[in-house]
Amino acid sequence: MILFRNGHQLAGYLEQEKKKGKMIGFVPTMGALHHGHLSLVESAKQHTDITVCSIFVNPTQFNDPTDFQKYPITIEYDIFLLEKAQTDVLFLPQEADLYPNGVAQLESYDLGYLETILEGKSRPGHFQGVCQVMERLLTLVRPDDLFMGQKDYQQCMVVKKLLTIMKMPVRFHACPIQREADGLAMSSRNMRLNETQRKNASAIFTALYFTKSHIGTMPLNQIKAQAWNILLENSFRIDYIEIVDAITLEEHQEIKDKHDLVALIAAYQAEVRLIDNMLL
Ligand code: AMP
């Protein structure tokens, strides 16, 4: 695995490889890697010739400063895991490299309705931050294929929109959610849960699974109320539970076609915010 800390050197290297006809697959991450991230690397290896992974905890996408300060950093173990997964290139940029003029005044993106709901509504500025860092990374890597997780369902939609805004012809792969044995979606933030919170945390999966198995058998608001109770019984503080159109993210009062719906949950165990979703 070749490690680059400098963006221009990375771009230069990849340019040479592209001239040789190599296809570039890109997996952007914030580190504290787990099997979910590695599944994206695996997918990139299957579809492309050179797999580039980046690790950068992007300050501009954290609307909560404590969340940023407490974000887990396990860089040495990350490098070990990426080597083992036979990743070709690791990009480890410094903040000053990506944001040479600081982060005080950055460009903004017209994300429309997408930014007014769910994560966009709960975390003001979050998706602007995602676009700011993704535009920089994409401009350096110029991948043929981009691999991101369905775990961050709305983020996938935001990044697809960014690719249209940037007029960048990149194939987008939304990769399936990797889960622990009890159903909890793998997440870097799970490391911050204590034993009790970790046990409680799988209730998100229980609530999503309840939703999926009862869709069509009872009204949506009753399903949501039951899912809400499952989380409350497991000491969750709930941000949202929504059942929306899987393509537009618009709310439905009633079910038209159950295959086009997605259930999304954001909820806290103490101060740790977890998100998950399930196509219904
Ligand atoms: P993060 O490091 O949390 O920014 O995540 C980097 C990428 O890994 C994003 O595209 C996430 O959606 C994806 N990812 C995170 N957790 C999972 C998971 N459990 N299964 C699949 N992909 C994931």
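As the structure lists them, so they are numbered: ligands from 1, and atoms in each ligand from 1. Computed from heavy atoms alone, side chains included, the values below leave out hydrogens, waters and symmetry copies.
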Which atoms of ligand 1 have any heavy atom of Gly36 under 4.0 Å away? 18 (C), 20 (N), 21 (C), 22 (N)
Side-chain heavy atoms of Thr217 within contact of Ile223, under 4.5 Å: no
Main-chain N/O of Gln155 paired to Asp152 side chain as donor or acceptor, under 3.5 Å: no
Taking 4.0 angstrom as the limit and counting only heavy atoms of Leu40, give me the atoms of ligand 1 inside it, by number and element. 7 (C), 8 (O), 10 (O), 13 (C)
Check ligand 1 against Thr29 and write out every atom of the ligand that is under 4.0 Å from a heavy-atom position of the residue. 2 (O), 6 (C)
Taking a hydrophobic cluster as the set of Ile, Leu, Val, Met, Phe, Trp and Tyr residues connected by side-chain heavy atoms closer than 4.5 Å, whether directly or through intermediates, do Met168 and Leu98 fall within one such cluster? yes
Can you list the atoms of ligand 1 that are under 4.0 Å from a heavy atom of Gln178? 18 (C), 19 (N), 20 (N), 21 (C)
For ligand 1, which atoms sit closer than 4.0 Å to a heavy atom of Met186? 16 (N), 17 (C), 18 (C), 19 (N)
Looking only at protein heavy atoms, what sits closest to atom 12 (O) of ligand 1 is Asp152 OD2, 2.6 Å
Take the angle between the ring planes of Phe147 and His173 and call it parallel below 30°, perpendicular above 60°, tilted in between. parallel
Do ligand 1 and Ser39 have nitrogen or oxygen atoms that lie under 3.5 Å from each other? no
Could you check whether Asp239 pairs with Arg273 (Lys NZ or Arg NE/NH1/NH2 to Asp/Glu carboxylate O, under 4.0 Å)? yes
If the contact criterion is a heavy-atom separation under 4.0 Å, does Tyr153 count as touching ligand 1? no
Just which atoms of ligand 1 are under 4.0 Å from any heavy atom in Tyr71? 3 (O)
Run the salt-bridge test on Lys161 and Asp110 with the 4.0 Å N-O cut-off and return the result as yes or no. no
Establish, yes or no, whether a centroid distance under 6.0 Å links the rings of Tyr77 and Phe80. yes
Atom 1 (P) of ligand 1 sits nearest the protein heavy atom His37 NE2, 3.7 Å
One thing to verify: whether Asp276 and Arg179 come together as a salt bridge, which I'm taking to mean a side-chain N less than 4.0 angstrom from a carboxylate O. yes
Give a yes/no on ligand 1: does Cys156 have at least one heavy atom closer than 4.0 angstrom to it? no
Distance under 4.0 Å to a non-hydrogen atom of Met30: what atoms of ligand 1 satisfy this? 1 (P), 2 (O), 4 (O)
So if I count the atoms of ligand 1 from 1 in the order they appear, which ones are less than 4.0 Å from some heavy atom of Pro176? 20 (N), 21 (C)
Heavy atom of His34, distance to ligand 1 below 4.0 Å: yes
The residue among Thr48, Asp144, Asp145 that forms side chain to side chain donor-acceptor pair (under 3.5 Å) with Arg171 is Asp145
Heavy atoms only: which of Pro28, Ser43, Gly149 lies closest to atom 22 (N) of ligand 1? Gly149
Under a 4.0 Å threshold between the charged nitrogen and the carboxylate oxygen, would Lys20 count as salt-bridged to Glu17? yes
